[in-house]
Colleague: 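Provided herewith is a single structure, encoded as structure tokens, for subsequent inquiry.
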Amino acid sequence: MTFNYSAGELQIRGHKISDIAKEYGTPVIIYDELYMTGMMKKYHNILNSHNLSYSVSYASKAFSSIQMIKLLDAENMELDVVSIGELYTALTAGFRVEDIHFHGNNKTPHEIEYALDSGVRFFIIDGLDEIGLIDSLAGDLAPDDLVKVLIRINPSVEVNTHDYISTGQEDSKFGLSLSNGAAKIAIDLIDKSTHLDFKGIHYHIGSQLDDSTPFVNAITNVYAWLDEHDISIEILNMGGGFGVKYVDGDVRFPIESGFDRIIGHLKAVAAESGRGMPHIMIEPGRSIAAEAAITVYEVGTIKNIPGVRKYVSIDGGMSDHIRTPLYGAEYDVLPVREAAGDRATVNVVGKLCESGDIIGQGKKLPADLKRGDLLAVRTTGAYHYSMASNYNQMQKPAVVFVGESHVRQVIKRQTLEQLIENDVM
């Protein structure tokens with residue numbers, strides 16, 4: 001990462017964090033733009049090295065904005081959307097509609113119509129009733145203007161992650177089961193449809209995975225099922241979920257060696273099955289955006305309860321940092337000004353009206369920390385702004401991208417007027 005201490009304070013690519021906070025206010029989410037484009041290039045390079053037909057599709061749920069979409073476009077990425085809002089953002093940014101894939105476990109008729117009218121022709125089927133719905137709504141398309149579809153299946157793979165982000169098991173709101181026949185029924189229904197063209201299989205087995213074994217096991221299970229039912233596919237979409245490092249002890253997914261193992265296994269299984277290699281799709285989101293960013297807060301009230309605990313309150317909270325209250329997720333919290341003196345063990349908490357509004361517990365921070373000092377929370381580039389809320393009528397933070405020679409605001413801080421702009425007076 002390029003967040004480091006220099007001349008006594010935290011900087012990013014030579015830009016002082018305190019200067020950025022002064023210009024844009026706090027809370028502010030600061031992204032290393034070059035880190036993100038570097039990760040996009042890394043995925044392209046490793047898949048290119050295997051001489052594959054492939055595409056890398058960014059999971060826009062991790063973090064989406066006009067300028068983020070433009071970065072993806074420039075790096076030849078494709079894009080996953082799961083709502084009309086994510087699709088609208090992509091289209092407004094000028095993203096190539098032919099490279100947009102529509103996901104989601106409950107696509108509404110309005111969303112499907114909007115996507116089709118906008119030119120989207122790639123859907124991931126997540127339920128049996130969706131097949132007839134999309135087919136009927138595509139009724140006005142020309143006979144040769146088919147909608148390409150994958151079916152999302154659950155490959156029944158065990159993963160070591162939080163229950164809330166484990167998605168490939170049998171008991172899940174996502175996908176179609178292999179064991180109860182739903183996935184095969186889906187393919188039969190698609191074959192009988194008028195406007196849908198079955199292209200292959202999609203699965204997403206979970207998030208924040210640090211090992212390639214679940215991906216290898218998923219390939220084994222899927223190909224055994226394809227062979228059992230004599231099903232041919234052109235596309236295999238293996239999803240995302242590649243883990244990142246939040247705190248010491250976390251293990252990043254090993255992209256190079258991990259994909260060497262995954263692709264090697266896929267080639268072996270496909271050959272044993274007597275099949276050619278499919279077009280490979282992957283869907284990284286968190287691994288591109290998460291470690292690229294920090295969130296900077298200003299310290300407010302400091303409350304020391306002798307013999308109990310010391311609380312350090314900041315000017316944001318669960319409205320822009322929900323993963324700790326929701327999952328118990330751990331984060332590193334750093335002082336923006338470098339401190340070599342004594343440390344105190346504190347709980348860093350938000351300003352919202354919930355006891356669970358916690359940024360981090362048991363954090364070692366400067367003992368002389370005071371109101372007005374700045375704290376930085378690392379690895380907040382994914383599922384922070386995108387999960388932000390207006391609870392307590394909190395304003396969503398500003399977002400800034402930083403490069404070697406520039407600092408640019410990509411999302412303005414939400415205004416007070418915007419908080420009530422939809423209210424009826």
Side-chain angles (χ1 to χ4, degrees), residues 1-4 10-13 15 17-18 20-21 24-36 38-39 58-65 67-68 71 162 164-165 207-208 242-248 250 252 284-299 312-336 347-352 356-361 363 365 374-389 391 394-402 407 409-411 413-414:
M1 274 301 299
T2 52
F3 295 98
N4 51 55
L10 198 62
Q11 301 192 12
I12 171 176
R13 297 197 179 273
H15 302 278
I17 297 301
S18 61
I20 298 173
Y24 297 104
T26 57
V28 59
I29 304 175
I30 304 171
Y31 281 85
D32 181 348
E33 187 174 322
L34 298 179
Y35 181 91
M36 292 192 289
M39 289 299 297
Y58 175 74
S60 58
K61 63 182 180 286
F63 169 67
S64 181
S65 73
Q67 293 303 319
M68 183 65 182
L71 278 188
H162 194 286
Y164 286 8
I165 50 177
S207 295
Q208 193 53 7
F242 314 116
V244 303
K245 185 173 182 177
Y246 287 97
V247 294
D248 287 343
D250 287 348
R252 294 184 186 93
R286 183 195 312 265
S287 61
I288 287 172
E291 292 188 71
I294 60 172
T295 304
V296 180
Y297 300 99
E298 183 176 306
V299 172
V312 173
S313 300
I314 48 87
D315 57 351
M318 63 190 295
S319 54
D320 58 73
H321 184 102
I322 191 61
R323 291 188 72 253
T324 298
L326 186 62
Y327 303 143
E330 290 283 344
Y331 289 83
D332 283 335
V333 183
L334 309 173
V336 168
N347 279 11
V348 181
V349 297
K351 67 189 304 293
L352 289 95
D357 180 23
I358 297 168
I359 303 295
Q361 301 185 72
K363 300 301 177 182
L365 291 173
L374 299 176
L375 295 178
V377 181
R378 295 184 58 170
T379 318
T380 59
Y383 305 107
H384 283 75
Y385 191 88
S386 64
M387 295 176 77
S389 76
Y391 179 49
M394 291 287 286
Q395 297 159 259
K396 293 183 181 179
V399 180
V400 172
F401 281 5
V402 177
V407 176
Q409 183 172 240
V410 299
I411 302 178
R413 184 176 314 283
Q414 193 175 22

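Being a predicted model, the structure only gives us computed values, none of them experimental.
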Colleague: Measure from the side-chain N and O atoms of R323 to the backbone N and O of Y383, and report whether any donor-acceptor pair falls under 3.5 Å.
Modeller: no
Colleague: Output yes when a side-chain donor or acceptor of T324 lies under 3.5 Å from a complementary backbone atom of A329, and no otherwise.
Modeller: yes
Colleague: Exactly one of Y246, F63, Y331 should register a ring pair (Phe, Tyr, Trp, His ring centres under 6.0 Å) with H384. Which one does?
Modeller: Y331
Colleague: Report the distance from atom CE of M39 to atom OH of Y58, rounding to the nearest 0.5 Å.
Modeller: 11.5 Å
Colleague: Decide yes or no for F3 and R378: does some side-chain heavy atom of the first lie under 4.5 Å from some side-chain heavy atom of the second?
Modeller: no
Colleague: Whether the side chain of T379 engages the backbone of K245 through a donor-acceptor N/O pair (distance < 3.5 Å, no angle test) should be reported.
Modeller: yes
Colleague: Restricting to non-hydrogen atoms, name the atom on M318 and the atom on P325 that form the minimum distance, rounded to 0.1 Å.
Modeller: CB-CG, 3.9 Å
Colleague: I'd like to check M394 versus K351 (side-chain heavy atoms, cut-off strictly below 4.5 Å). Are they in contact?
Modeller: yes
Colleague: Kindly give the heavy-atom pair with the smallest separation between P284 and S287, and that separation in Å.
Modeller: CB-OG, 3.5 Å
Colleague: Just how far is it from atom NE2 of H321 to atom CD1 of I359, taken to the nearest 0.5 Å?
Modeller: 4.5 Å
Colleague: Would you mind reporting whether L10 and V296 have side-chain heavy atoms less than 4.5 Å apart?
Modeller: no
Colleague: Using side-chain contact (heavy atoms from CB on, under 4.5 Å), reason through N347 and I358 one step at a time and then give a plain yes or no.
Modeller: CA-CA 8 Å; N347 279 11; I358 297 168; 5.5 Å; no
Colleague: If you compare all heavy atoms of P397 against all heavy atoms of I29, which two are closest, and at what distance to 0.1 Å?
Modeller: CG-CD1, 4.1 Å
Colleague: Just verifying a value: how many Å separate D248 CG and E330 CD, rounded to the nearest 0.5 Å?
Modeller: 11.5 Å
Colleague: With no hydrogens and no angle check, is any side-chain donor or acceptor of T295 less than 3.5 Å from a backbone partner on T380?
Modeller: no
Colleague: So how far is it from L71 CG to L34 CG, rounded to the nearest 0.5 Å?
Modeller: 9.0 Å
Colleague: Quick one: CZ on F401 to CD1 on I30, what's the gap to the nearest 0.5 Å?
Modeller: 12.0 Å
Colleague: Taking the side chain as everything from C-beta on, heavy atoms only, tell me whether L326 gets closer than 4.5 Å to M387.
Modeller: yes
Colleague: Taking the side chain as every heavy atom from C-beta outward, state whether R252 and E291 have any atom pair closer than 4.5 Å.
Modeller: yes
Colleague: Shortest non-hydrogen contact from G317 to L352?
Modeller: CA-CD1, 3.7 Å
Colleague: Nearest 0.5 Å, please: how far is CD in Q11 from CD1 in I17?
Modeller: 8.0 Å
Colleague: A side-chain contact here means heavy atoms from C-beta on lying under 4.5 Å apart; do Y297 and D320 qualify?
Modeller: yes
Colleague: Between L375 and V312, is any pair of side-chain heavy atoms under 4.5 Å apart?
Modeller: yes
Colleague: Where do M68 and I288 land on the side-chain contact (heavy atoms from CB on, under 4.5 Å) test, with the steps shown first?
Modeller: CA-CA 11 Å; M68 183 65 182; I288 287 172; 4.3 Å; yes
Colleague: Quick check: closest heavy atoms across Y24 and A398, and the distance to 0.1 Å?
Modeller: O-CB, 4.3 Å
Colleague: Would you say that Q208 contacts V244 through its side chain, given a criterion of any heavy-atom pair below 4.5 Å between the two side chains?
Modeller: yes
Colleague: As a quick check of understanding, evaluate side-chain contact (heavy atoms from CB on, under 4.5 Å) for Q409 and Q67, giving each step before the final call.
Modeller: CA-CA 9 Å; Q409 183 172 240; Q67 293 303 319; over 6 Å; no
Colleague: Locate the shortest heavy-atom distance separating A62 from G285; write the atom from each residue and the value.
Modeller: CB-C, 3.7 Å
Colleague: Side chains of D357 and Y391: is there a donor and an acceptor less than 3.5 Å apart?
Modeller: no
